[in-house]
2 protein chains.
Amino acid sequence: MPPTSPGATAAGGPTRPPAGAGVAAPPTTLPTTERGRRQRERLLAAARVVFERDGFLDARVTDISAEAGVAHGSFYTYFGSKTAVFRALLAATMDELYDTLRVGTADSGAPTADAPAPAGTRSAEEAVRRVERANRRFVAMYRENTALMALFEQVTTFDPEVRALRQAARERMVGRVRHSIEQLQTDGLVAADLDAEYSAHALVAMVSGLVHYWLVLDGDFEEERLVATLTRLWTTSLGLAPTPTV
Amino acid sequence: MPPTSPGATAAGGPTRPPAGAGVAAPPTTLPTTERGRRQRERLLAAARVVFERDGFLDARVTDISAEAGVAHGSFYTYFGSKTAVFRALLAATMDELYDTLRVGTADSGAPTADAPAPAGTRSAEEAVRRVERANRRFVAMYRENTALMALFEQVTTFDPEVRALRQAARERMVGRVRHSIEQLQTDGLVAADLDAEYSAHALVAMVSGLVHYWLVLDGDFEEERLVATLTRLWTTSLGLAPTPTV
DNA sequence: AGCTAAGTTGACGTCGACGTCAATGTCAAC
DNA sequence: GTTGACATTGACGTCGACGTCAACTTAGCT
């Protein structure tokens, strides 16, 4: 069975190509005027409200237009479809969140990182601290954007473009973590024969998967304990163990 | 922000309650006749084919009827809606898969388990072996049912009943793992101060999350290496470490 | 054979979301 | 202040999926 996923057709949302063939030019271009730019922003903001409230599938273009305070027809001046506006919204927001995570976590531990080793940062204890910070930050970010994360997942299941965004986002996170693991291996703090790539993927899956279960699937967790346990498992699994064995 | 998820309305699929109020009795009852039972089976099988081929959203009741070789109207003799048939299909299949996993893995390691400790099973090495077996089995199961797993996720994002199924499935797995961790703690093989519940959740998230990324989101992995890395991280994180530190 | 309850059929009406478009409005430049 | 490009408006036609239902078939029982 080839890597599959149901409903992955080319177009956009739930794929049902309109029978009528006449394809109107989808606004790929950004607005010309200043007024246009503002209208586009209003629609994006409205889209966010409506999507988060109703979910992608139940959201209607009419609702978005109404929320934005513009006529139904105006929507199509800026976006070709519900799916198009969602993609735009997601792309914009994800870039924001990416920055959020980057700020405040130097190179190393977990779903974050990006600076040269600040020197004197080469102890296991320091690494553990960095992992914890990154995890806490990630969890907080997810908590503050739960609705959007749920939407992201939802649309990923049927829109190829959004799926690509998801893969990209994941690879970015994994890349950072892999880099951090390789660094620790270079420093002799992590076993050299550990597969950094696979491990990074696994650890990222652990954190994002559990947080998803907590916030989106409504699991019963306490944030601090969650961060603590994730950090402990993360670091112990890499052999940065503060708790040797028993 | 309360545990949210978009599009979570009561009804079924993408929530759009038919304006007309007259609710016809949804077939909650199972077929009376033998013929009826067989027809229901055929529809279920057809539903699986169509769902896996087109995804839940693009699947039409008409397609399912056609695939089953029955008239459009007959569908409604057995199921009240597309969502209803999907729920039935999923419930049935999940029970099957649950058994699949249970068989062949005694109490302990990973996403499986259920027997009394066979005695002489109390070494760390044995525990590691059990975790590996369970992981390998889980990965294989997922690989052989990728399409269905993708569908499960898809429908979870908007159908509350399916979401409940997902939560239940997750809790079952977590319960087994937690039990196994507690066992290992009793045996002094795992640190007693580790939170077994949270850890079980995290480890299950790691395995299912990574496998999901591999098979559904089409990541680039090699199965054996995947199982090996997952097992290594799993066991090391619990302190069953075959690889002490470096 | 005749009766009845269960099941089958497929044509039909309904409904809601979409995307269009002709008329109208806005604004900046000349 | 006139012009023209760009944007707004909202009523309208289209379309496809759904669920219904009245007529018909099947099969078990007496």
Side-chain angles (χ1 to χ4, degrees), chain A residues 7 9 11-27 29-43 46-47 50-51 54-86, chain B residues 7 9 11-27 29-43 46-47 50 54-66 68-86:
Chain A
T9 342
T15 304
R16 203 92 66 191
V23 180
T29 29
L30 286 174
T32 323
T33 4
E34 172 60 22
R35 175 170 59 146
R37 218 192 42 73
R38 276 207 318 273
Q39 281 289 59
R40 208 186 112 100
E41 288 308 316
R42 298 186 60 180
L43 280 167
V50 173
F51 283 141
D54 300 338
F56 180 84
L57 295 169
D58 286 346
R60 292 169 306 178
V61 170
T62 300
D63 295 336
I64 297 175
S65 307
E67 178 72 30
V70 304
H72 177 79
S74 289
F75 176 90
Y76 292 97
T77 303
Y78 300 98
F79 303 99
S81 67
K82 184 168 72 160
T83 303
V85 71
F86 182 78
Chain B
T9 343
T15 302
R16 204 92 65 191
V23 179
T29 30
L30 286 173
T32 323
T33 2
E34 173 59 22
R35 174 170 59 146
R37 218 190 43 70
R38 278 207 317 274
Q39 281 288 61
R40 207 187 113 101
E41 289 307 317
R42 298 185 59 180
L43 280 167
V50 174
D54 301 338
F56 180 85
L57 294 169
D58 286 345
R60 289 169 307 176
V61 170
T62 299
D63 295 336
I64 298 175
S65 307
V70 305
H72 176 80
S74 289
F75 175 89
Y76 292 96
T77 303
Y78 300 99
F79 302 100
S81 66
K82 184 168 73 161
T83 304
V85 71
F86 181 79

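Here is the naming used below: chain letters follow the sequence lines, and residue numbers restart at 1 for every chain.
OP1 and OP2 of C:dA17 both lie 4.0 Å or more from every side-chain N or O belonging to A:Thr62. Checking the phosphate oxygens (OP1, OP2) of C:dG7, no side-chain nitrogen or oxygen of B:Thr77 falls inside 4.0 Å. Between B:Tyr76 and C:dT9 there is no side-chain polar atom (N or O) within less than 4.0 angstrom of OP1 or OP2. In this model, the phosphate group of C:dT8 is approached by a side-chain N or O of B:Gln39 to a distance below 4.0 Å at OP1 or OP2.
With rounding to whole Å, A:Asp63 atom CG is found 13 Å from C:dG16 atom P. Going from atom CZ of B:Arg38 over to atom C1' of C:dG7 covers 12 Å, rounded to whole Å. We find that CZ of B:Phe75 is positioned 12 Å from P of D:dT20, with the value rounded to whole Å.
Using the six-membered ring where Trp is involved, A:Phe56 and A:Phe51 have ring planes that are parallel, under 30° apart on the 30 and 60° scheme.
Of the candidate nucleotides D:dT9, D:dT20, C:dT8, D:dT20 has the atom nearest to the side chain of B:His72. The nucleotide whose nearest atom lies closest to any side-chain atom of B:Ser74 is, among C:dC18, C:dT8, D:dC18, C:dT8.
The shortest side-chain heavy-atom distance between B:Phe75 and B:Val85 falls under the 4.5 Å cut-off.
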Distances under 3.5 Å between nitrogen or oxygen atoms of protein and nucleotides 25-29 of chain D:
none

